[in-house]
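Letters A, B, ... are given to chains in the order of the sequence lines, protein chains preceding strands, and every chain is numbered from 1. The shown structure was predicted, so the numbers you read here are calculated from the model rather than taken from an experiment.
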Amino acid sequence: MVRITEVAQHLGETVRLQGWLYNKRSSGKLQFLQLRDGSGVIQCVVFKGDVPEFIFEEAGHIGQETSVWVEGTIKEDTRSALGFELSVSQLGVISHAYDFPISPKEHGVAFLMENRHLWLRSARQVAILKIRATLMKAIRQYFDDRGFTNVDAPIFTPNACEGTSNLFEVEYFEKTAYLTQSGQLYMEAAVMALGKVYCFGPVFRAEKSKTRRHLTEFWMVEPEMAFVEHEENLQIASELIAFAVQSVVQNCQAELTVLERDVAKLEAITLPFPRITYDEAIKILHHHGRTDVVWGDDLGGDEETLVSQAFDKPVIIEKYPVTLKPFYMKRNPENPQQVLNMDIIAPEGYGEIVGGSQREDDLAVLEGLIAEHGLDDAVFRWYLDLRTYGSVPHSGFGLGLERLVAWICGLHHVRECIPFPRLMDRLSP
RNA sequence: UCCCCAGUAGCUCAACGGCAGAGCGUUCGGCUGUUAACCGGAAUGUUGUAAGUUCGAAUCUUACCUGGGGAGCCA
């Protein structure tokens with residue numbers, strides 16, 4: 001059996017293809033069957049004079065998404081979108097499909113989401129899934145090639161990493177457990193064993209957010225590095241993004257074309273990335289008339305977009321006020337009002353894709369911060385152990401996969417960036 | 001959680017107080033090169049649910065349900 005991507009190597013040969021009927025047109029004694037097999041789409045031409053009567057008859061009665069096998073000769077033909085087509089000599093139905101609900105016409109979001117399991121078969125969704133897979137592979141390759149060890153963080157956790165309000169509670173025998181919202185604290189433990197680590201898996205946030213940038217279940221890659229301080233942390237995050245984007249540009253030309261993505265904008269994503277401090281971001285906002293934003297305010301979606309519009313690459317915003325960030329971030333020794341953190345904002349209004357920081361590594365300081373934030377000391381005992389036994393400077397960050405996919409694919413909403421999205425009001429299919 | 005918008009044929013929508021409609025899809029027929037093909041015939045409805053106003057409600061009012069867009073929060 002031959003896959004559709006490979007047909008160019010079989011020019012003039014008789015081959016057998018298997019797949020699903022994507023669309024069909026006919027013209028008297030000709031039937032044009034668009035066959036897809038997951039690797040591509042090819043036009044199969046059934047000419048009445050070339051096949052037995054019953055095959056021509058059957059070809060005229062198969063519905064969209066019927067699974068079929070076809071045998072025929074691969075021919076070069078410029079009238080076909082692929083440049084090749086299959087001249088059919090034999091055809092058989094594997095399983096009929098009647099009234100497939102998603103026709104090649106426009107549909108509303110609600111209907112498509114309700115039929116997500118079938119929507120995945122469309123050319124756009126196939127392209128997005130392939131780009132997502134390419135990004136995941138590139139991200140893993142980036143870390144694996146640089147001496148990182150992939151370590152898996154637990155999904156059940158006994159407590160909050162960043163806050164208590166946004167966690168999903170689950171019954172855990174006689175106790176309550178929570179679904180993880182970040183693997184970071186566990187990576188901080190693992191990094192003291194392995195030096196450079198990363199985890200890559202789903203995380204869960206019970207935020208009641210209804211925006212184009214939010215999912216309740218999303219995938220995050222979280223590297224953590226020992227002996228790495230703020231400056232290097234920032235460089236690695238930038239390098240990772242540039243590497244992942246260029247990997248898609250090189251390997252996913254066909255998919256980017258299906259999505260009608262402006263590839264020149266992606267090709268321009270090269271190092272170095274622009275870098276500003278939180279203080280400078282506030283100045284940029286004031287310069288654009290947003291005088292309502294004052295120092296100490298967090299930057300929301302609108303503010304991020306406004307700042308990022310000044311640049312055509314991802315922009316790094318660093319050194320936020322301590323009051324805006326979680327307890328574990330290390331303070332800037334040169335200015336205790338600031339933490340050594342960074343957010344990376346994607347261009348074209350896609351928002352924050354990376355958040356990270358150097359971690360506080362001093363036991364006494366960290367104990368003070370936990371108390372200051374009103375957190376339960378006992379819960380963080382094991383985390384404090386990491387500062388008790390051979391603490392070292394270390395840093396890390398988290399990168400949200402779906403937002404990266406949305407930006408690279410040029411999609412309006414993250415719900416198309418994951419096979420089966422979980423949203424505040426949607427748990428199925 | 002708050003604010004705004006929308007639910008009519010399988011889908012996308014029209015009808016906006018007076019006969020329930022179109023395109024696509026489906027189905028039947030036509031065409032030897034179609035590119036979301038085209039041409040002709042046919043079938044398809046508890047107008048989201050419940051109540052109210054009215055001679056008369058898809059249309060106006062109220063509540064609820066479902067979905068969409070945005071805010072806050074975040075990756």
Side-chain angles (χ1 to χ4, degrees), chain A residues 22-34 41-50 56 60-65 75 77-82 85 87 97-115 118-119 122-124 161-163 165-167 181-184 202-222 237 241 297-304 324-326 342-346 350-356 397-407 412-415 417-418 423-426:
Chain A
Y22 196 57
N23 200 1
K24 185 178 66 177
R25 291 178 284 271
S26 67
S27 178
K29 298 189 170 59
L30 284 166
Q31 313 252 18
F32 302 96
L33 310 179
Q34 312 300 320
V41 179
I42 189 169
Q43 175 159 279
C44 303
V45 183
V46 187
F47 176 50
K48 198 168 185 177
D50 287 351
F56 189 79
H61 287 90
I62 54 179
Q64 188 190 350
E65 290 303 315
K75 291 179 176 166
D77 199 312
T78 49
R79 289 171 293 186
S80 169
L82 188 67
E85 55 183 32
S87 187
Y98 302 107
D99 299 325
F100 187 74
I102 304 177
S103 61
K105 284 276 180 180
E106 58 189 313
H107 296 286
V109 172
F111 177 76
L112 290 171
M113 289 293 281
E114 204 58 52
N115 290 285
L118 303 176
W119 186 22
S122 72
R124 272 179 65 82
C161 297
E162 290 180 12
S165 57
N166 296 329
L167 292 166
Q181 60 181 339
S182 164
Q184 184 202 316
V203 293
F204 308 87
R205 308 256 168 117
E207 289 156 3
K208 293 189 173 174
S209 309
K210 283 183 63 173
T211 83
R212 70 173 77 111
R213 301 191 310 280
H214 284 85
L215 296 164
T216 55
E217 177 182 309
F218 67 96
W219 281 61
M220 189 156 70
V221 59
E222 295 178 275
I241 291 169
D297 286 351
D298 206 353
L299 306 179
D302 287 350
E303 290 80 35
E304 285 174 354
L324 294 177
K325 292 293 171 181
M342 52 142 179
D343 283 352
I344 301 184
I345 315 298
Y350 282 95
E352 184 181 348
I353 48 173
V354 162
F397 59 88
L399 181 152
L401 180 66
E402 288 74 17
R403 287 191 185 172
L404 181 68
V405 174
W407 164 43
H412 177 69
H413 199 298
V414 288
R415 66 186 158 215
C417 299
I418 185 166
L423 299 150
M424 187 179 146
D425 293 317
R426 183 166 296 281

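- With distances taken from any side-chain atom of S26(A) to the nucleotides C73(B), G70(B), C31(B), the minimum falls on C31(B).
- Pairing each heavy atom of K210(A) with each of D425(A), the nearest pair is CD-OD2, 3.9 Å.
- Contact of R25(A) with C31(B) (side chain to base): no donor-acceptor pair of N or O atoms is detected under 3.5 Å.
- Remark: the backbone N or O of R403(A) is not paired with any side-chain donor or acceptor of R213(A) at under 3.5 angstrom.
- Only the C1' atoms considered, U66(B) is 41 Å distant from G29(B), to the nearest whole Å.
- Rounded to a whole angstrom, the distance from the P atom of G52(B) to that of U59(B) is 14 Å.
- A salt bridge links D77(A) to R79(A): at least one charged side-chain nitrogen sits closer than 4.0 Å to a carboxylate oxygen.
- Distances were taken from every side-chain heavy atom of D425(A) (C-beta onward) to each of C28(B), G33(B), G67(B); the shortest belongs to G67(B).
- Residue-level contact check: Q43(A) touches the bases, meaning some heavy atom is under 4.0 Å from a base atom.
- Nucleic acid contact class of K210(A) (heavy atoms, under 4.0 Å, all strands): base.
- Distances shorter than 4.0 Å separate some side-chain N or O of R415(A) from OP1 or OP2 on G69(B).
- In this structure, L30(A) atom CG and C38(B) atom C1' are separated by 14 Å, rounded to whole Å.
- Side chain of Q181(A) to backbone of A206(A): no donor-acceptor contact under 3.5 angstrom is found.
- Nearest to the side chain of S103(A), among A75(B), G70(B), G25(B), sits G25(B).
- Rounded to a whole angstrom, the distance from the P atom of A57(B) to that of U47(B) is 12 Å.
- Donor-acceptor pairing under 3.5 Å, judged by distance alone, is present between the side chain of H214(A) and the base of C74(B).
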Original post:
Dot-bracket for RNA chain B: what is it, with Watson-Crick or G-U pairs under 3.5 Å, [ ] where a pair crosses earlier ones, and | for a pair to another strand?
Top reply: (((((((..((((....[..)))).(((((.......))))).....(((((..]....))))))))))))....

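- Closest contact between the side chain of F111(A) and the listed nucleotides G70(B), U34(B), U12(B) involves U12(B).
- Mapping E352(A) and P101(A) onto RNA chain B by nearest heavy atom places P101(A) at the nucleotide closer to the 5' end.
- Heavy atoms of E217(A) sit nowhere under 4.0 angstrom from any nucleic acid atom.
- The residue A110(A) sits close only to the backbone: its heavy atoms come under 4.0 Å of sugar-phosphate atoms, none of a base.
- When heavy atoms are screened at a 4.0 angstrom cut-off, I353(A) is found touching the sugar-phosphate backbone but no base atom.
- Distances from the side chain of N166(A) to the nucleotides G68(B), C73(B), G33(B) place C73(B) closest.
- Atom CZ in F100(A) sits about 15 Å away from atom P in U27(B), given to the nearest Å.
- Taking the P atom of each, U46(B) and G40(B) are spaced 29 Å apart, rounded to whole Å.
- The distance between atom CD of E65(A) and atom P of G25(B), rounded to the nearest whole Å, is 15 Å.
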**OP:** Assess whether side chain to side chain donor-acceptor pair (under 3.5 Å) is satisfied between Q64(A) and S103(A), documenting all intermediate values.
**Re:** CA-CA 8 Å; Q64(A) 188 190 350; S103(A) 61; 5.8 Å; no

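- Under 3.5 Å, the side chain of T211(A) and the base of C73(B) form no donor-acceptor pair of N or O atoms.
- Rounded to whole Å, the P atom of G41(B) lies 28 Å from the corresponding atom of U8(B).
- Among the protein residues, F47(A) comes within range of the nucleic acid bases, having at least one heavy atom under 4.0 Å from a base atom.
- For the pair L324(A) CG and G72(B) P, the computed distance is 14 Å after rounding to whole Å.
- Rounded to the nearest Å, the gap between the C1' atom of C2(B) and that of G10(B) is 36 Å.
- Nucleotides C13(B) and A50(B) are separated by 25 Å at their P atoms, to the nearest Å.
- Sequence order on RNA chain B of the closest nucleotides to Q64(A) and M220(A) puts Q64(A) first from the 5' end.
- Counting any heavy atom pair closer than 4.0 Å across all strands shown, F218(A) reaches a base atom.
- Across all their heavy atoms, A237(A) and M342(A) have their closest contact at CB-CE, 3.7 Å.
- Taking atom CD of residue E304(A) and atom P of nucleotide A75(B), one finds them 10 Å apart after rounding to whole Å.
- Across all strands, L401(A) comes closer than 4.0 Å to no nucleic acid atom at all (heavy-atom distances).
- The CG-P distance, from L167(A) to A75(B), rounds to 13 Å in whole Å.
- Counting to the nearest Å, the P atom of A75(B) and the CG atom of D343(A) are 7 Å from each other.
- Picking from C73(B), A71(B), U34(B) the nucleotide with the shortest atom distance to the side chain of E85(A) gives U34(B).
- Residue-level contact check: V203(A) touches neither bases nor backbone, having no heavy atom under 4.0 Å from any strand.
- At the heavy-atom level, D77(A) lies under 4.0 Å from base atoms of the strands shown.
- Taking every heavy atom of both residues into account, F32(A) and S27(A) meet most closely at CE1-CB, 4.4 Å.
- Note on R213(A): every side-chain N or O is 4.0 Å or more away from OP1 and OP2 of C74(B).
- A75(B) atom P lies 16 Å from atom CZ of F204(A), rounded to whole Å.
- Separating the P atom of U12(B) from that of G7(B) is a span of 12 Å, rounded to the nearest Å.
- When all heavy atoms of E402(A) and W219(A) are compared, the pair lying nearest together is OE1-N, 3.0 Å.
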